[in-house]
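Let me begin by presenting the structure, written as structure tokens, before commenting on it.
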Amino acid sequence: MTESENLHQEEIIKELCLCNGLSYEIVGKEGSNASKLEMFFSGYPRIVGLSLFPNLTSLTIVAQDIKEISGLETCVLLKELWIAECCIEKIGGLQECRNLEKLYLYYNKISKIENLDKLIKLQVLWLNHNMIKNIEGLQTLKNLNDLNLAGNLISIIGRCLDINEQLEKLNLSGNQICSFKDLTNLTRLPHLRDLCLNDPQYKTNPVCLLCNYSTHVLYHLPCLQRLDTFDVSAKQIKELADTTAMKKIMYYNMRIKTVQRHLNEDLEKLNDRKCKLQKLPEERIKLFSFVKKNLERELAELKGSGKGHSDRFNNNKLTEVEKPKNHETVTEDPTLHQKILTKLNALTERVTFWNKKLDEIEAIYRIEVKQKKKSHGLLIPFLLIELETVGNIHFEEGTRSDDWFNSCYELILSRFCTWDFRTYGVTGVKVKRVIKVNNRILRLKFEEKFQKFLDHESMHDSETYRKMLECLFYVFDPEVMVKKKHLLQILEKGFKESETSKLPLRKEAVILANSLSLCECPRIEFLQQKYKDEKKNSLEHELFRHGILLITKVFLGQSVQAREQEAISQANYPMVNSVFIPRKYLLNSIVGQRNCDCGFRQCKWFVFDHDLVLPEYIAEFEYITVVKAHSLFSSFNNVIPEESKKISEGSILSQDLKVDDDVMKMEPKIKPQAKLISLDDKTILSLAKTNIYSHIVSLNLHGNSLSKLRDLSKLTGLRKLNISFNEFTCLDDVYHLYNLEYLDASHNHVITLEGFRGLMKLKHLDLSWNQLKKSGDEINVLCKHTTSLLTLNIQHNPWQKPATLRLSVIGRLKTLTHLDGHLISEEETTAAMKFITGTKITQLSILRHSSTKEERPRILSIWPSAKILTQISKFGPHLHLNGNWHLKISKFPSKPLPLKENTESLGLCNLVILDVYGNIIVWNQENYRLFVIFHLPELKALDGISIEPPETESAKDLFGGRLTSDMITERQGHSNFSQMQELNWTSSSIRTVDLIPVDQFRNVSNVNLQNNNLTSFSGLIYLPNVKVLCLNYNHIESIMPRLKPQTHLTNRQLLYQKVPSSGYGQQGTSKINRDTMSSENLPPIMHSLEVLHLGYNGICNLIQLQLNRLRNLKFLFLQGNEISQVEGLDNLAVLQELVVDHNRIRAFNDSAFAKPSSLLALHLEENRLRELSKLQPLVKLEKLFLGYNKIQDITELEKLDVISTLRELTVYGNPICRKMLHRHVLIFRLPNLQMLDGIPVNSEDRVKAEFHFSELQAKKNMFTPVTNSPMDGGSFCPMKASPIKITNVILPGGFSHYLGPDFTLTPEVEDKKDKNTGILTSNPRSIHAEIAFRQLRGINLSPNLLSHPNIASPTAQMYQSNQNEGRIPGSTFSRSNRM
């Protein structure tokens, strides 16, 4: 530093001291003692004078005009430095401040993080409010724990912070971060506790505007305590984020598996189609191969016969199994020999022809498979992108019902010109799929920039700007082979600078076109040239038929036509947004005259601002091509044959088959031979024409029906064996033939090579046209037991992994020179060895696919933990492993176990996504899907298919209310039903009972299913020992489920069935009678049932209920139903109590109690009974409850006299009870009655009843009736009655009414009386009581009338008239009690 500069600095220091009220001399003397210095004086141009403060530990410089950091060389002890709100443009001058711990450089003009390498102790770094674009230069700051980069221009985080593992606080607010995937890089900061991306003091990052932003961050960073200045340490917040993320992972896992499943289904359909097409060629090949082998054997016989028996080897080379009797072989005929050779050549040609057809089918099949995989291959990455962006990038596949799909379809067709594609043989285009791209990130950028253009213009120009929006096709680089990767990058990140592009022009602008030909012709030409150079099969050439279009929404803005010989770049066109080139100026391979004007409208555009191009749709299409020839198997292709060359497949088939027939008819014709079914020693020796086993060197057993080769090991000299076209399923008998060199086992049914051993000299083996599947097992057998094998043919077997079969065989069988008829090249050998090496498990491969962590990496991915580790692993070949590394492995990728039985998912009531596709249960379980939907009510998606409301309703209808063993197990916590005695399951909406196995419920004796939805006894009838069954409040219609609805009944009959009083339905009585007969003949069930509750079930027909089948029933409760007739109970011989309260019974028919009954108690309260007839069979009845019915005539109560055993009776609530004398009447007439209306009956009550009637009789003697008929309205007058003393009256058993002496029955009344004769009585009564009845009616009793057979009963007469009763003097009955 010069002397003048020192003087200048000294002047600055003096000025500073003066302004701050300090003495320069004191500063010079005591400056070394200062540890903290702060400068807030405005106008400080540069940092000077710090040499006066050598022991500074803290320096603060705020709001100065400093442009660079300098003068800190002497501040070696500095720990804290603030240079804020200055004009610093570059970080520097800190090399000597190695003790610096805190550095604050906010509010400057810094554009790059640099020159911090020496600050290894730095803990706090604030660079907010600068112009930094990239996070860099922090590699050595391993102790950094607080980093503030808010308010910069950072758009990508990347892996730049990976080394700063001690980072606890990070602020990236006010930047341009827009990717969720980018935020996942922060998961590698294990100590991060405070993250700020949306600080209120700064502008919002675009990523913070996306849906599920907080959920995404909290899931990936579970250790965060604060997010965007908010406290997120609560456990509930973390659990909610984890639950949400897990649901999304499961959902997309299901979606991806569904895509894979659909792909497999499509591939299976393609394979089935291929197999059908290959069937004919295979049949022809088998036929020709069989005939060919027969001719070869015949030819060998000719040669052997010509040479005689001198040469033993040649003589036994090929032996004939058995010749027909009528077959003559001309051994020396050269013409026959030539004919055989000619026919063999013709057969070989036909086999070659049909093999070519097979190859053609296989090649087209592979192309179709490749295209299917390519099409489905996009869907899985789309779903992964959706998952990683938590739905902010969404892909929607369109259908014909979507307007946008139809718009895209019409757009593509409108921009396709046949003239442009004529040289490629393309006549049309077919859109196969359109996928809508909803990228919220890119759309926000597009709308933001578009809005800026609108804001800069006046309102009347806004519409003009909107017209500058256009839909254009993106022009892919034809030379970019990784097109899928490029496409995904565009869809996720937009049209940024692409690393895969080889054209510098694409870095300047996005290339677009409004014509399909401008997009596709370069690709087609590139593919044509590529396959031409590589000389590939012409079938591969047709791959250009399938293509992908990316349809974009573009804001063209100010657009101009490109100038010739001037590069298209923003620098050459500074004032425009886009440049276009008309088609006529483009170099194009298509030349010639056009018949359309499409070329004038076709242009290619170059848009400079990538954010103004928004990808919106992906369209998959297929060209409709013209082919020159119509192949037999061209049904794989979507082709239109040329009009002039239309040939039907049938004609081609007939033509080829005719050629086959001609070849088969060629001479000589070999007649069929008898087939051997078994092989024994005698047959072998006869075939070999020798008596010594060791002399047999060749054995031909072609074309027989052999399935076993016994004792073949005896043929120790055997070198050649042909067993083709037999029935072998294994080759166990071919063992220890040490000299065998040739074995032909083709065209059999061999499924395994197990037992195939000891063939060390075998050189040629043919196993084609068999049923071998497991390539690994079979190759292992061949490796071990055929060490000299040179040629092997394993074609036309259903191998499980055909794609890698050839490499596996070549890599394992190292002596092979030919495989499947093709020479093995050195390139194949090298590739096979590399493949085999990759299949071996090594320490490195285990390490790459394992984890030493206890928890799954927190990444939004559906892949297993090991695969995730493979993708993100930092491990490399240089990694040093300790000796116990393998003990730390906690996870390996595993496959789900197959479900082999129908088990209900217990404890998964919150499950929302389930995928069990591919398990046996899916195919074997009837209504599997509805079953799962019903038992998992929260389920939203099953096997990749969303659950719709109609499915839920169907599941409820089918399985709703099904009481199963699993439900009982879930409630009890165990499945040991054998100790269960009681089953109580009320109010559970049960509709059916399905308890399996029934034997385990053998001890259940009490079942309560009250208040459910049962319509029958369902599975309860199979429970063997149920004694008490309660089914109140259900909908029981019958014991057994009704098979068919009563559709044969008319509406009137159905009405009568519900309400018999309607008067309808009489025509259906015969049907009821038939039901009665059929129910009586049904076999009995539930032999242990004694108590049955069927109250409140809506039952209206007891016959349909089939209660007659419950033969041991003792107690039956039917209260609260709609029963109008007591019927269908005839077979219940031991029934003791019947409850039919609260029903609609009016009377009893003849069949109600037709047979003598064992009933002890009958409950009939709250019905509509008016009469009590037909109760005679109830000979054992002790309790009868008739309360709240419609009984109003005392004669009905008299009919109870026939039930002599009655001990308890209730009649309260009937109209007859309004007159209080019914109690005395009933006590008087029922001598065994002990309880009446709930009040006990004692001897005193009986005395009172008799005394009451005697008293009434005495009072009545004082009155004489004025009129003979009370019905006439006359009143009684007080007249002295003449005294009468009756000592004895013999009442005839036939009369029941007593009339007055002056009352004479007219014939009309007599008839009425006969029609309504009461119950005959045989009970002896006191004559005083009878007189009292008579006197009560106010009628004098004369002796001659007492002997009259038709005298009315005083009880009946007493209640005949309301008026009479009201006119008896001294009566205690109030008017309110009268009828």
Side-chain angles (χ1 to χ4, degrees), residues 255-256 258-260 262-267 269-270 364 366-386 393-416 421 424 426-439 471-478 480-492 512-524 526-527 540-553 615-625 636-639:
R255 291 275 306 274
I256 288 172
T258 303
V259 172
Q260 294 171 338
H262 291 164
L263 174 60
N264 292 334
E265 290 173 353
D266 289 345
L267 294 181
K269 291 178 182 178
L270 275 179
I364 299 176
R366 288 177 182 173
I367 292 175
E368 292 291 327
V369 168
K370 186 175 181 180
Q371 181 57 33
K372 285 287 184 185
K373 289 182 177 180
K374 184 178 179 181
S375 178
H376 284 78
L378 281 175
L379 299 180
I380 293 177
F382 287 170
L383 292 172
L384 290 176
I385 290 174
E386 282 191 31
I393 300 178
H394 175 63
F395 299 91
E396 179 184 356
E397 186 169 350
T399 61
R400 288 285 185 182
S401 60
D402 298 318
D403 294 337
W404 57 266
F405 175 88
N406 297 321
S407 298
C408 290
Y409 190 92
E410 293 170 1
L411 178 69
I412 295 172
L413 294 182
S414 67
R415 294 183 178 179
F416 171 81
F421 292 91
Y424 309 122
V426 175
T427 61
V429 64
K430 180 174 69 175
V431 179
K432 300 175 69 175
R433 176 191 288 166
V434 179
I435 298 175
K436 187 177 183 180
V437 182
N438 298 295
N439 190 325
C471 285
L472 299 177
F473 303 143
Y474 176 68
V475 180
F476 287 97
D477 184 356
V480 177
M481 296 308 297
V482 194
K483 189 173 181 180
K484 175 181 173 182
K485 182 179 179 181
H486 185 205
L487 176 62
L488 294 174
Q489 182 180 349
I490 292 172
L491 297 178
E492 184 176 2
L512 306 164
N514 65 350
S515 169
L516 194 61
S517 60
L518 293 178
C519 296
E520 282 291 298
C521 289
R523 180 183 74 92
I524 296 174
F526 176 78
L527 290 175
E540 296 286 341
H541 177 201
E542 294 189 0
L543 277 176
F544 79 83
R545 288 190 305 110
H546 300 277
I548 294 178
L549 276 178
L550 181 56
I551 304 174
T552 65
K553 182 165 75 171
E616 283 206 313
Y617 303 99
I618 305 163
E620 296 181 14
F621 64 90
E622 180 180 357
Y623 290 119
I624 302 173
T625 58
F636 271 89
N637 298 320
N638 182 23
V639 294

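Basis for what follows: all heavy atoms, side chains included, without hydrogens, waters or symmetry-related copies. Because the structure is a prediction, the values reported are computed rather than measured. Sequence positions, counted from 1, serve as the residue numbers for this chain.
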Exercise. In Å and rounded to the nearest 0.5 Å, what is the NZ to NZ distance from Lys370 to Lys373?
Worked result: 11.0 Å

For this session: Using atom types as modelled and distance alone, determine if a side-chain donor or acceptor of Asn514 lies under 3.5 Å from a backbone N or O of Arg415.
Result: no

Exercise. Is there side-chain contact between Trp404 and Glu396, with at least one heavy-atom pair below 4.5 Å?
Worked result: yes

Problem set entry | Heavy-atom check, side chain of Leu518 versus side chain of Val475, under 4.5 Å | no

For this session: Run the numbers on Cys408 and Ile551 for side chain to side chain contact (heavy atoms under 4.5 Å, CB included), then give the verdict.
Result: CA-CA 8 Å; Cys408 290; Ile551 304 174; 4.2 Å; yes

For this session: Indicate yes or no for a side-chain donor-acceptor contact from Asp402 to the backbone of Thr399 under 3.5 Å, with no hydrogens or angles considered.
Result: yes

Exercise. Side chains of Leu384 and Ile380: closer than 4.5 Å at any heavy-atom pair?
Worked result: yes

Exercise. So how far is it from Cys471 SG to Glu616 CD, rounded to the nearest 0.5 Å?
Worked result: 6.0 Å

Problem set entry | Rounded distance [0.5 Å steps], OG in Ser375 versus NZ in Lys432 | 6.5 Å

Problem set entry | Check against side chain to side chain contact (heavy atoms under 4.5 Å, CB included), Glu520 and Tyr424 | CA-CA 11 Å; Glu520 282 291 298; Tyr424 309 122; over 6 Å; no

Seminar exercise, completed: Shortest non-hydrogen pair, Phe473 vs Leu411, comes out as CE2-CD2, 4.2 Å

Exercise. Looking at Tyr409, is Arg400 sitting on its ring face, NZ or CZ under 6.0 Å from the six-membered ring centre and within 45 degrees of the normal?
Worked result: yes

For this session: Could you pull out the closest heavy-atom pair between Phe395 and Ile435, with the gap in Å?
Result: CB-CG2, 3.9 Å

Seminar exercise, completed: Tightest non-hydrogen contact, residues Leu488 and Phe382, listed as CD2-CE2, 3.5 Å

Exercise. In Å and rounded to the nearest 0.5 Å, what is the OG1 to CD distance from Thr258 to Glu265?
Worked result: 9.5 Å

For this session: Kindly indicate whether the side chain of Val426, heavy atoms from C-beta on, has any atom under 4.5 Å from the side chain of Phe416.
Result: yes

Exercise. Under a 4.5 Å cut-off applied to non-hydrogen side-chain atoms, are Leu491 and Ile385 in contact?
Worked result: no

Seminar exercise, completed: Tightest non-hydrogen contact, residues Pro615 and Ile490, listed as CG-O, 4.0 Å

Exercise. Quick one: NZ on Lys372 to CG on Leu267, what's the gap to the nearest 0.5 Å?
Worked result: 8.5 Å

Exercise. Which atom pair, heavy atoms only, marks the closest approach of Lys484 to Gly377?
Worked result: NZ-O, 3.2 Å

Problem set entry | Smallest separation among heavy atoms of Cys521 and Phe421, with atom names | SG-CE2, 4.3 Å

Seminar exercise, completed: Here the gap from His546 atom NE2 to Tyr623 atom OH, rounded to the nearest 0.5 Å, amounts to 11.5 Å

Exercise. Are side-chain heavy atoms of Arg433 and Leu379 found at a separation under 4.5 Å?
Worked result: yes

